[in-house]
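Written out below as structure tokens is the structure these notes cover.
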Amino acid sequence: MILGIALVFVLSIILAACGNKAEGKTLIWGRGADTKSLDPAQVTDGESLNVTRNIYDTLVDYKDENTEVGPALAESWKTSKDQKTWTFNLKKGVKFQDGTDFNAEAVAFNFERWMDKKNPYHKGGEFPYYGYMFGGYKGDKGHVIKSVKAVNKNTVQFKLNEPQGPFLANIAMPAFAIASPKAIKADPEGLGKKPVGTGPFKFESWKKNDTISLLKNKDYWKKGYPKLDKVIFKSMPDNSARFTALKSGEIDVMDGLNPDDAKTVEKNNELKLAEQQGMNVGYLSFNMSKNTPVKDKKVRQALNYAVDKKSIIKSVYSGLATPSINPMPDSIWGFNKQIKDYPYDLKKAKKLLKEAGYGKGFKLELYAPSDPRPYMPDGRKVAEVIQSDWKKIGVDVKIVSFDWQTYLDKTGKGQHEAALFGWSGDNGDPDNFLYVLLDKDNTRTPNAGNISFYKSEPLHKLLMKAQRSTDKNERTKLYEKAQKIIKDDAPWVPLVHSTPGIAYQTYVGNGNFTHPINYSKLAQVDIKK
């Protein structure tokens with residue numbers, strides 16, 4: 001008996017020493033901040049969607065190499081001549097992680113939950129992306145989706161009130177992943193803490209501000225995947241500490257790499273560097289709903305002239321970024337190449353301030369994120385460069401920082417006077433930048449996509465016409481006109497398009513870490529050591 005107890009004790013010590021090895025192939029991903037919610041329809045932040053993308057699937061998905069749309073839970077689809085009816089044929093035999101069937105009824109249930117504020121399961125918070133991408137909700141004037149119904153078990157049909165050019169690209173977004181109706185019905189507000197999808201990994205646990213653990217979905221519909229047995233997303237706010245953890249082998253992958261550390265990674269034989277395509281924008285937003293000097297267009301233009309973007313790129317990004325001219329990068333079709341940026345011109349800035357009645361300057365509070373973002377690895381440093389630049393024209397900047405979740409809440413409610421922010425593109429369509437971030441329809445709080453609270457009727461008309469067109473040439477011309485209006489009105493100072501670095505151990509294989517969509521799906525990732 002004593003011998004048996006001793007043997008159990010020894011075995012427990014061995015298993016504890018083995019750590020992750022006892023659980024098979026475990027990948028630990030170090031990141032800068034915690035997730036807000038695990039219900040993808042209720043969030044817009046990358047820290048949430050990077051996790052949920054591995055728990056859920058969407059009807060269609062982006063290809064491995066670009067933002068072209070291909071099959072996922074839907075294996076094929078067709079659209080009517082007027083582009084107002086979309087019919088999707090679904091994969092058969094797919095199960096949710098709670099063992100229930102994925103089918104057309106499940107798809108209709110999810111979309112009805114999102115679109116209808118009177119739906120009994122429209123609970124747990126806002127559904128911001130739905131409002132952004134589909135013109136509000138059921139009953140709203142600009143709402144795009146008229147109905148979603150199950151034609152039969154494996155066929156679902158969408159009827160639209162108006163054609164929508166980016167419709168297919170929109171429903172591929174991680175926010176529109178399909179969740180288990182059974183789980184939602186059991187606890188409509190609990191999906192954000194206990195997610196149930198059809199994806200490659202299923203939820204295990206969440207320790208707030210520490211770790212989220214996912215386990216292999218052994219019944220995943222893509223045979224042979226995932227390769228990993230477990231994924232742990234570990235929150236480590238300090239970039240340098242996270243990089244130290246990577247070098248020591250404590251974690252396997254990290255995002256939010258300090259640009260200065262990229263060269264160190266390249267010289268380390270045990271590490272690899274992946275530079276993501278810069279489908280993003282880092283910007284400074286002026287809150288035009290507050291009674292501050294930035295309500296005046298000349299003031300906003302003056303502040304644009306007084307930002308030295310090249311200095312920011314050199315001192316904060318170590319060159320791993322390009323100056324932003326428009327609110328979207330030139331890698332996206334529809335970018336207006338004819339628009340010239342505001343040059344760094346302090347004399348011009350002072351002249352405009354004087355004309356606006358602020359020749360002696362003024363005070364302004366600037367929010368700066370304390371957590372690293374893919375488009376802004378060190379918001380505080382960016383703010384300090386701008387603070388120094390604006391001081392030269394008499395503008396006294398007070399920098400204020402909060403943790404990421406508080407930052408999202410305060411800017412979404414419009415509590416800032418000006419704020420550093422950014423956006424990583426979701427679908428490769430201009431609509432995903434210009435409409436989401438700057439249209440007057442997206443000033444709804446507390447989840448404002450347009451945190452400038454900028455309201456331009458001429459811009460709105462162009463964006464609506466572009467959104468409802470299915471002619472790419474027509475849409476391109478409309479977006480080019482829209483960018484002219486935005487440049488002149490100057491609700492932002494567009495700062496940079498960054499090239500975010502992801503560093504990882506050499507034994508991590510098949511990681512598609514350079515994809516323009518900034519949410520990594522880990523089904524194909526393997527550990528080879």
Side-chain angles (χ1 to χ4, degrees), residues 29-36 40 43-54 62 67 129 173-175 233-240 242-243 246 251 253-262 265 273-285 312-313 316-324 327-329 331-332 368-383 403-405 407-408 411 419-428 432-433 436-437 449 451 494-504 511-522:
W29 185 297
R31 57 190 186 143
D34 198 10
T35 287
K36 186 176 181 180
V43 294
T44 60
D45 67 297
E47 298 294 11
S48 297
L49 295 171
N50 204 35
V51 178
T52 63
R53 187 158 162 73
N54 292 286
Y62 309 107
T67 56
Y129 258 130
M173 290 165 53
F233 291 92
K234 187 172 180 61
S235 300
M236 308 175 76
D238 185 78
N239 288 10
S240 297
R242 197 159 61 256
F243 187 43
L246 181 75
I251 61 176
V253 182
M254 70 164 285
D255 56 29
L257 183 72
N258 281 328
D260 283 342
D261 292 329
V265 174
L273 175 67
E275 293 182 358
Q276 290 182 303
Q277 299 174 40
M279 198 174 75
N280 59 48
V281 61
Y283 60 90
L284 187 152
S285 169
I312 291 173
I313 290 170
V316 183
Y317 292 82
S318 295
L320 294 177
T322 57
S324 176
M328 64 185 203
S331 59
I332 292 182
S370 59
D371 297 307
R373 312 306 310 144
Y375 43 76
M376 199 167 291
D378 194 328
R380 187 84 190 185
K381 283 187 178 179
V382 173
D403 69 87
W404 184 235
Q405 302 309 328
Y407 198 86
L408 290 173
T411 53
L420 291 174
F421 217 83
W423 186 256
S424 295
D426 297 291
N427 61 20
N432 184 241
F433 281 83
V436 172
L437 301 178
I451 67 163
L495 295 172
V496 302
H497 305 296
S498 71
T499 306
I502 290 183
Y504 58 100
N512 187 15
F513 301 137
T514 60
H515 197 278
I517 301 295
N518 192 37
Y519 315 122
S520 295
K521 202 156 190 174
L522 303 175

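This structure is a prediction, so every number in the text was calculated from the model and none was measured.
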Problem set entry | Smallest separation among heavy atoms of Leu320 and Ala262, with atom names | CD1-CB, 4.0 Å
Exercise. Which atom names give the shortest non-hydrogen contact between Ala503 and Leu246, and what distance separates them?
Worked result: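 Ala503 and Leu246 have their closest heavy atoms at CB-CD2, 3.5 Å.
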Problem set entry | All salt bridge (charged side-chain N to carboxylate O under 4.0 Å, His left out) counterparts of Asp34, not counting sequence neighbours |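 For Asp34, the residues satisfying salt bridge (charged side-chain N to carboxylate O under 4.0 Å, His left out) (neighbours in sequence not counted) are Arg31.
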Exercise. With sequence neighbours left out, what residues match Arg373 under salt bridge (charged side-chain N to carboxylate O under 4.0 Å, His left out)?
Worked result: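 In terms of salt bridge (charged side-chain N to carboxylate O under 4.0 Å, His left out), with neighbours along the sequence ignored, Arg373 is linked to Glu47.
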Test side chain to side chain contact (heavy atoms under 4.5 Å, CB included) applied to [X] - qualifying residues, sequence neighbours left out:
X	value
Ser370	Ser401
Asn258	Asn239, Ser240, Asp261
Thr322	His497

If the condition is side-chain hydrogen bond (donor to acceptor under 3.5 Å, both in side chains), which residues does [X] pass it with, not counting sequence neighbours?
X	result
Ser318	Asp260
Asn427	Asn170
Gln405	none

Please examine the side chains of [Y] and [X], heavy atoms only from C-beta on, and report whether any two atoms are closer than 4.5 Å.
X	Y	result
Val316	Pro259	no
Pro500	Asn280	yes
Pro369	Tyr407	yes
Asp426	Tyr129	yes
Thr67	Met279	yes

In chain order, what residues pass the ring pair (Phe, Tyr, Trp, His ring centres under 6.0 Å) check against [X], with sequence neighbours excluded?
X	answer
Tyr62	none
Tyr519	none
Tyr317	none
Tyr283	Trp492

Exercise. Can you check whether Pro174's main-chain N or O pairs, donor with acceptor, with Arg53's side chain at less than 3.5 Å?
Worked result: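 Pair absent, no side-chain N/O of Arg53 close to backbone of Pro174.
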For this session: Examine distances only and state if a side-chain atom of Ser424 and a backbone atom of Tyr375 form a donor-acceptor pair shorter than 3.5 Å.
Result: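 No: the side chain of Ser424 does not pair with the backbone of Tyr375.
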For this session: Quickly, which of Thr52, Asn50, Asp45 forms a side chain to side chain donor-acceptor pair (under 3.5 Å) with Ser48? Name it, please.
Result: Asp45
